[in-house]
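Worth knowing before you read on, the calculation uses all heavy atoms, side chains too, and leaves out hydrogens, waters and symmetry mates. Convention: sequence-line order gives letters A, B, ...; per-chain numbering from 1.
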Amino acid sequence: MGVVTRFAPSPTGFLHIGGARTALFNWLFARHHQVHGDGGTFLLRIEDTDRARSTQAAVDAIYDGLSWLGLDWDGDPISQFARAERHREAVDQLLAQGNAYKCYCTPEELAEMRETAKREKRNRMYDGRWRDRDPSDAPAGATPVIRLKVPLERDTVIDDAVQGRVTVANEQLDDMVLLRADSTPTYMLAVVVDDHDTAVTHVIRGDDHLTNAFRQTQLYQALGWDTPKFAHIPLIHGPDGAKLSKRHGALGVDAYRDDGFLPEAMRNYLLRLGWSHGDDEVISTDQAIDWFTLSNIGKSPARFDVQKLTNLNGQYMRQADDRFLAETVLSRLRDMASVRLAEAAPDRLFKGMPGLKERSKTINELLENALFYATERPVPIDEKAVQQLSPDGKQLLTAARDKLARTDDWSDEGLMASAKQVSEETGAKLGAVAAPIRSALTGGTQSPSVFEILHVLGREESLGRIDDALGGLQPLKQ
RNA sequence: GUCCCCAUCGUCUAGCCAGGCCUAGGACACGACCCUUUCAAGGUUGAGACACGGGUUCGAAUCCCGUUGGGGACGCCA
């Protein structure tokens, strides 16, 4: 049988990190089986049965997040809400079989039961007071909820691909609500019916659903359906060790995109969080698809570590295509009103990219580092760079300017050779010669090789920037 | 509180299922050194963990029991 997985988020906010990883694992599992000729379908289902909390904006955020990560789903996304009629059919079947019943409890009664359960140190809340009651006892005018009549004794067992065999006593589980008083289906019902109808074979989701799996198993059994294989993956925790939540800060994948992270780095990081393949750290998507198995998922929760993500992102940055990076930077630069883009900016960014990308861990960092290439003369100069333009510094810079003006070989090597000559002639160290040039060219004190920069900028622009500095023409930064 | 789950460097993890190859390996972060025109990158290197207590065994990070610690679930939310 072909493998079918699904990602089933509820559209109540952005696509958070945990959800993204769940989606990734489902996607990887499906694609792995696809590659190995065993079906491999990855479905997207929007669990929008809670009308009050579901928004179209959140649905769009999920599409955007998944698309950014490169996780493509098969077929159209399924709206759970749209399938309510079908869900009610399943309940009719259960009612007819005597596996479900009407419950007329008021919210007050329920609250009371909850209190009692707590006081008596029991897990099961609902006391089953309408379970075997005569329907004619129904209070006039009240609309009931439909509950599943679950077994009172014995155990429910799930054979989880990650957690192993987990058993729970049925006395821990109460009669869950299937249909609300307004006759809309609950999540528990909808999930089971939808997974069954779409032939889902593997339910890969967060560990927080483990207890739901027991209830759902009972539902499957009542409906006479086969259960899918469950795989409950450990949750991602924040730095404090608690389940990742809003108070941990930037958690939507869109926030990481805005912070300049690459989707392939994010994917790689998320994959390694809880899953491993020996000592491998940098894993391509093809390798991930090839290697991914549920048995390599660890059982303990992992903490989200931005530093490691950042390092990994840096590695992907260095591998990234120069043209792509240059264009990415350029398009962001064009949106910045404060930047005066030079005509030669595209060309310089592309040529300077090898030196630039090695020094940038994120796109945002790259943007900052690349600014001096893209901007029009005169470039603003920061405080530390100004210090390099002391009288001594300017003297060296003047000597360098003269030498540069007479340099024919405008290559990295030729420029380096000229600088070395200045160094020899003045008795100053090469570093002392390079420092004021760097200041003049970039307005800062940290940059790629000054010879690379001279080369990329070209003779005219380079000498112009040096003249600006010598004449004190550059505006102060900040 | 009840039920379920988890437990190797600060963090992510390999090793565990099929005990000896483990004086526990890798990665991030941190320290030192090298390279060097700055900053990175790169190279070498250092510090850093089997939660604790009992068993079983010739031998336990690996198997069993308990303790402690952490997490999750306990809705007419999903």
Side-chain angles (χ1 to χ4, degrees), chain A residues 8-12 47-50 52-54 80 103 105 107 110-111 114 117-126 143-147 160 162-164 166-169 171-174 176-184 186-188 190-191 206-212 214 232 234-235 237 239 241-243 269 272-282 295 298-312 314-315 318 355-361 369 384 388 416 419-420 423 429-435 437-439 442 444-451:
Chain A
S10 58
T12 54
E47 311 231 306
D48 50 359
T49 51
D50 185 347
R53 295 202 299 158
S54 301
Q80 191 157 65
C103 166
C105 286
L110 257 13
R114 199 164 290 124
K118 203 169 180 178
R119 198 168 345 106
E120 293 176 3
K121 301 179 178 180
R122 279 186 291 107
N123 213 359
R124 161 184 272 169
M125 183 269 283
Y126 183 66
T143 47
V145 300
I146 309 296
R147 287 182 185 271
D160 194 277
V162 174
Q163 304 294 334
V166 188
T167 304
V168 106
E171 62 175 16
Q172 298 294 330
L173 277 8
D174 53 15
M176 71 187 109
V177 173
L178 265 17
L179 242 38
R180 302 186 185 101
D182 64 1
S183 85
T184 58
T186 60
Y187 159 81
M188 216 60 83
V191 168
D207 205 7
D208 49 346
H209 285 285
L210 185 65
T211 51
N212 291 335
F214 293 109
H232 289 92
L235 299 178
H237 287 177
K243 183 182 177 180
Y269 177 71
R272 278 290 287 109
L273 215 54
W275 180 89
S276 60
H277 184 267
D279 284 339
D280 293 308
E281 295 285 348
V282 181
S295 60
K299 295 178 83 172
S300 50
R303 298 185 191 202
F304 188 81
D305 179 15
V306 196
Q307 283 189 315
K308 188 150 182 174
L309 204 212
T310 304
N311 174 278
L312 204 50
Q315 299 192 49
R318 271 172 259 139
L356 248 25
K357 68 181 180 184
E358 195 170 288
R359 292 166 172 78
S360 311
K361 292 194 192 304
N369 295 342
K384 281 183 179 169
Q388 298 301 324
M416 164 90 94
K420 278 187 172 157
S423 164
K429 286 186 175 173
L430 185 59
V433 178
I437 302 178
R438 170 172 288 108
S439 293
T442 71
T445 50
Q446 296 172 10
S447 76
S449 154
V450 293
F451 310 113

Atom [atom1] of [X] to atom [atom2] of [N]: distance rounded to whole Å?
X         : N       : atom1 : atom2 : result
Asp208(A) : rG70(B) : CG    : C1'   : 16 Å
Met416(A) : rU38(B) : CE    : P     : 10 Å
Met176(A) : rA78(B) : CE    : C1'   : 15 Å
Arg119(A) : rC74(B) : CZ    : C1'   : 17 Å
Gln315(A) : rA29(B) : CD    : C1'   : 14 Å
Gln388(A) : rU38(B) : CD    : C1'   : 9 Å
Lys384(A) : rC39(B) : NZ    : P     : 10 Å

Is there a donor and acceptor pair closer than 3.5 Å between the side chain of [X] and the base of [N]?
X         : N       : value
Ser449(A) : rU37(B) : yes
Arg438(A) : rU37(B) : yes
Asn212(A) : rA78(B) : yes
Asp207(A) : rG72(B) : no
Lys299(A) : rC5(B)  : no

Any-strand Watson-Crick or G-U partner of [N], both distances under 3.5 Å:
N       : result
rG75(B) : none
rU44(B) : rA32(B)
rC21(B) : none
rU11(B) : rA27(B)
rA51(B) : rU67(B)

Using a cut-off of less than 4.0 Å, is there contact between a side-chain N or O of [X] and OP1 or OP2 of [N]?
X         : N       : result
Asn369(A) : rC39(B) : no
Lys118(A) : rG1(B)  : no
Thr186(A) : rG75(B) : no
Lys357(A) : rA40(B) : no
Arg114(A) : rG75(B) : yes
Arg359(A) : rU38(B) : no

What's the closest nucleotide to the [X] side chain, out of [options]?
X         : options                   : answer
Asn311(A) : rA29(B), rA78(B), rA14(B) : rA29(B)
Gln446(A) : rC39(B), rU11(B), rU37(B) : rC39(B)
Lys361(A) : rA78(B), rA41(B), rC6(B)  : rA41(B)
Thr211(A) : rA40(B), rU37(B), rG72(B) : rG72(B)
Arg147(A) : rU13(B), rA78(B), rC76(B) : rC76(B)
Asn123(A) : rU2(B), rC6(B), rA78(B)   : rU2(B)
Arg272(A) : rC5(B), rU13(B), rA78(B)  : rU13(B)
Arg303(A) : rA78(B), rU11(B), rA27(B) : rU11(B)
Ser300(A) : rG75(B), rA7(B), rU37(B)  : rA7(B)
Phe451(A) : rU37(B), rC3(B), rC76(B)  : rU37(B)

Given side-chain hydrogen bond (donor to acceptor under 3.5 Å, both in side chains), test Thr12(A) with Arg53(A) step by step and report yes or no. CA-CA 6 Å; Thr12(A) 54; Arg53(A) 295 202 299 158; 5.1 Å; no
The residue among Thr211(A), Asn212(A), Asp207(A) that forms side chain to side chain contact (heavy atoms under 4.5 Å, CB included) with His209(A) is Asn212(A)
Is Glu281(A) paired with Arg272(A) through a side-chain N to carboxylate O contact shorter than 4.0 Å? yes
When rounded to the nearest 0.5 Å, the distance separating CG of Leu273(A) from NE2 of His237(A) is 10.5 Å
Assess, by modelled atom type and distance only, whether the side chains of Gln307(A) and Asn311(A) contain a donor and an acceptor separated by less than 3.5 Å. no
Is there side-chain contact between Met176(A) and Thr186(A), with at least one heavy-atom pair below 4.5 Å? no
If you define the side chain from C-beta out and look only at heavy atoms, does anything of Thr49(A) sit under 4.5 Å from Thr184(A)? no
Tell me what [X] touches on the nucleic acid: a base, only sugar-phosphate, or nothing, going by heavy atoms under 4.0 Å.
X         : answer
His237(A) : sugar-phosphate
Ala435(A) : nothing
Glu281(A) : base
Ser276(A) : sugar-phosphate
Gly274(A) : sugar-phosphate
Glu358(A) : base
Ser360(A) : nothing
Thr49(A)  : sugar-phosphate
Leu235(A) : sugar-phosphate
Cys105(A) : base

Starting at the 5' end of RNA chain B and moving along, which residue's nearest nucleotide shows up first, Val177(A) or Gln307(A)? Gln307(A)
Between Pro9(A) and Pro448(A), which has a closest nucleotide on RNA chain B that is more 5'? Pro448(A)
Can you check whether Asp50(A)'s main-chain N or O pairs, donor with acceptor, with Ser54(A)'s side chain at less than 3.5 Å? yes
May I have the step-by-step check of side chain to side chain contact (heavy atoms under 4.5 Å, CB included) for Val177(A) and Tyr126(A), ending in yes or no? CA-CA 10 Å; Val177(A) 173; Tyr126(A) 183 66; over 6 Å; no
